[in-house]
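In what follows, a single structure is set out as structure tokens and then discussed.
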2 protein chains.
Amino acid sequence: MPDLSIDVVAKAAGVHRSTVSRAFSRPEAVKSETREHILRIAEGLGYTMSPLAQALRRKTSTFVPLIVPDITNPFFAELAKTMTQAADERGYQLLLCVTNGDPAKTEGYFTAMQAMYAPFGIVAPSTKVDTDALKRFDFGHRVVVIDRVEGDSSVPTVTVDSRRGIVLALEHLRSLGHTSIGYVSGISGTHTAQDRMDAYLELSAEGSSTPLVLDSGSDPDAGARAAKHFLEMDNPPTAIIAANDMVAFAVISALGQSGIRVPEDVSVMGFDGLALGARFNPPLTTVRQPIADMGNIAIELAEKQNLNGSVDHVVLEPELLVRASTSGPRK
Amino acid sequence: MPDLSIDVVAKAAGVHRSTVSRAFSRPEAVKSETREHILRIAEGLGYTMSPLAQALRRKTSTFVPLIVPDITNPFFAELAKTMTQAADERGYQLLLCVTNGDPAKTEGYFTAMQAMYAPFGIVAPSTKVDTDALKRFDFGHRVVVIDRVEGDSSVPTVTVDSRRGIVLALEHLRSLGHTSIGYVSGISGTHTAQDRMDAYLELSAEGSSTPLVLDSGSDPDAGARAAKHFLEMDNPPTAIIAANDMVAFAVISALGQSGIRVPEDVSVMGFDGLALGARFNPPLTTVRQPIADMGNIAIELAEKQNLNGSVDHVVLEPELLVRASTSGPRK
DNA sequence: GCTAAGTCTGAGATCGATTGCTGAGATCGG
DNA sequence: CCGATCTCAGCAATCGATCTCAGACTTAGC
């Protein structure tokens, strides 16, 4: 394969380099005959422009980083999947960047992406993002965050309404007849995690039942600890809300290990709406986040900010997804 | 942030551009005093080299594509995770490319990666890879495949020993007392999927029990169909081997929906060893693939092939992982 | 038919690096 | 003390595109 540069095509088409360039990136600036001729020749040669050279010269590329803490977490995987497509449709190429929760890595990606002339980026954090720290980076001025952010600041964000989600969960459980409803966090760090917990605490109290947090850790063992705690209680709740689907899985698994059945002995709900939940045992009742929408909107917000500096905060509506892990309380 | 080019650093350090370049990429070619001086200045300015310009000029980059069909599948997610790190450690930057099973996308990535001057790539296919089709692409000569390929050809591969894995599963189940062991494929397309199924068919017959394939589809509903089939049988098997963990999850879930208990009523095993399996209900007994090793070795093979054209085929040993989804057959 | 206003295309500098070549000093043996 | 050998740094071409400028040709208006 001889190296295919723009000059090769130019020679083959009998025109100047610049004309070929225009034929591709500014079609209206070149006579349509010439353009079609060039395109035909290029096609025949199997030529495509070098994104590298292009980015270098233009000082802007179509690479859009999506920074996530852990791709092994299905929530982020689903986000990545839908965002890949959303990016594609708009002519961008999503670059997945995994931090493993290490803030230093995030910063590394920032400078790398700056160097790649990425027009903007999307960050799905694992901690409360520090807006000021963000803004210390050049690239930090061009990201949108998938989480709430301290004091509605100058960074565009997309989130779903945590409180509304908890309301949905609580209503569902109460309509089933539950009055004693526990909570296990299993995540922390992000504002979203905090918001869900706060909403539970507050709304649970309103409902005249005492809030009951089985575990508030954020490690993978939270589910097991919550189950242990549950077993040790004299008067355990008849239903449990988990802060996200993964934790719900862990709770159900741990409970199952001790012979507790879901939903016969206790109802368990998740929060996320992972596809995986439909194939859990039992299929998980949960509060669905519109992940695909989040991805699309994140990119839109990024484009908007890039265009006219506007900083929007979009809050999406969650949705109740009833499957089989909840039922009426045991008599 | 003024644009930080190599010339800026050169000026600041009072040397020529080329000297700065050497200070970074060919340390031995510049007097150590000078070099340290330059490095210090660069550090102070917060300068990093443009990977774009570098790749353009050198005609080789450090981008390594990992092409997977679906990042939402935890197997590929885990692969991506470990490979990201493996790549990092060797100075590469992994670029995750998701095809959604569309071969056209794979080809698109090939030419894109060619244009990015990627030194090589890793492909985790969802279909039997056609070596000839691969070789039609320039970039196809520099990939390693995570699957077996037709006729031990000229493409390096990494796989785990499918037959051995099935042996492990069968031995485990038989030692528990099972004699009637079913199989559900749920995947197909890859040679690995084929190999597992073939191994089951063959070894199962040897064990003097008749092979019993509950479902051989490859869609997400295979689990449900297998469960349906199971329920309709007069004499259902007492144990089921699923071709991978995800299918095992689906089978257990579907069975559970019909009131069949695992492992009390029927034992179910998976194949993969996903981290998720430990938190399933019940925790999944499975055959573990050394995913991290696969990632590391894939990159090693790629480097080797790139260096001296050697084409190796590495076959890794799977390992039995006993958890709670298997037990003795019901009396 | 002649000038003014468009259309198109070509020239050449430029983006941020790398690298073969050349030459200035330093080192060294005799 | 002199030429030969080494080191080390500068020069300038190059990678594959983009884009401003300016010139060549059309087209239009009167």
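Order of the sequence lines fixes the chain letters, A, B, ..., with proteins taken first and strands second; residue numbering starts at 1 for each chain. Bear in mind the structure is a predicted one, so any value in this text is a computation, not a measurement.
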Whole-Å gap separating P (C:dA17) and CZ (B:R58) = 11 Å

query = For residues A:R90 and A:Q85, is any side-chain donor paired with an opposing acceptor at under 3.5 Å?
reply = no

key: Between C1' of C:dG16 and CZ of B:R57, the distance in whole Å   = 11 Å

message = Using whole Å, what does the distance between atom C1' of nucleotide D:dA17 and atom CG of A:L52 come to?
response = 10 Å

request  = Go through residues 26-39 of chain A and report each residue with a non-hydrogen atom lying under 4.0 Å from DNA chain C, sorted by number.
outcome  = A:A29, A:V30, A:K31, A:T34

query = Heavy atoms, side chains only, cut-off 4.5 Å: are B:P156 and B:D312 in contact?
reply = no

query = Only one of B:H191, B:H313, B:R148 forms a side chain to side chain donor-acceptor pair (under 3.5 Å) with B:T157, so which one is it?
reply = B:H313

inquiry  = Just by distance, no angles: are the side chains of B:E303 and B:Y92 close enough, under 3.5 Å, to form a donor-acceptor pair?
reply    = yes

note = Taken to the nearest whole Å, NZ/A:K59 to C1'/D:dT18 is 12 Å

ask   = So does B:Y117 get a side-chain nitrogen or oxygen closer than 4.0 Å to the phosphate oxygens (OP1/OP2) of C:dA17?
value = no

query = Does a sphere of radius 6.0 Å around NZ in B:K304 hold more than 12 heavy atoms from other residues, nucleotides or ligands, not counting ones at 6.0 Å or beyond?
reply = no

message = Using ring centroids (six-membered ring only for Trp), state whether A:Y109 and A:F137 fall under 6.0 Å.
response = no

Euclidean distance, atom OH of residue B:Y47 to atom C1' of C:dG16 [Å, nearest integer] = 7 Å

query = Which atom pair, heavy atoms only, marks the closest approach of B:G46 to B:L4?
reply = O-CD2, 3.5 Å

note = Rounded to the nearest 0.5 Å, the OG atom of A:S154 sits from the NZ atom of A:K135 at a distance of 3.5 Å

query = Does the A:N73 side chain pair with the main chain of A:F75, one donor and one acceptor, at a distance under 3.5 Å?
reply = yes

ask   = Under 4.0 Å: is that the gap between some side-chain N or O of A:Q54 and OP1 or OP2 of D:dT18?
value = yes

Please write out each protein N/O paired with an N/O of nucleotides 4-6 of chain C under 3.5 Å, distance rounded to 0.1 Å.
none

query = Within this structure, what is the CG-to-P distance between A:L56 and D:dT18, rounded to whole angstrom?
reply = 11 Å

inquiry  = Counting only heavy atoms and a strict 4.0 angstrom limit, can you tell me which residues of residues 11-25 of chain B come near DNA chain C?
reply    = B:R17, B:S18, B:S21, B:R22, B:S25

ask   = Okay, side chain of B:T127, backbone of B:V129: is any donor-acceptor separation there less than 3.5 Å?
value = no

ask   = Centres of the B:F120 and B:F63 rings: under 6.0 Å?
value = no

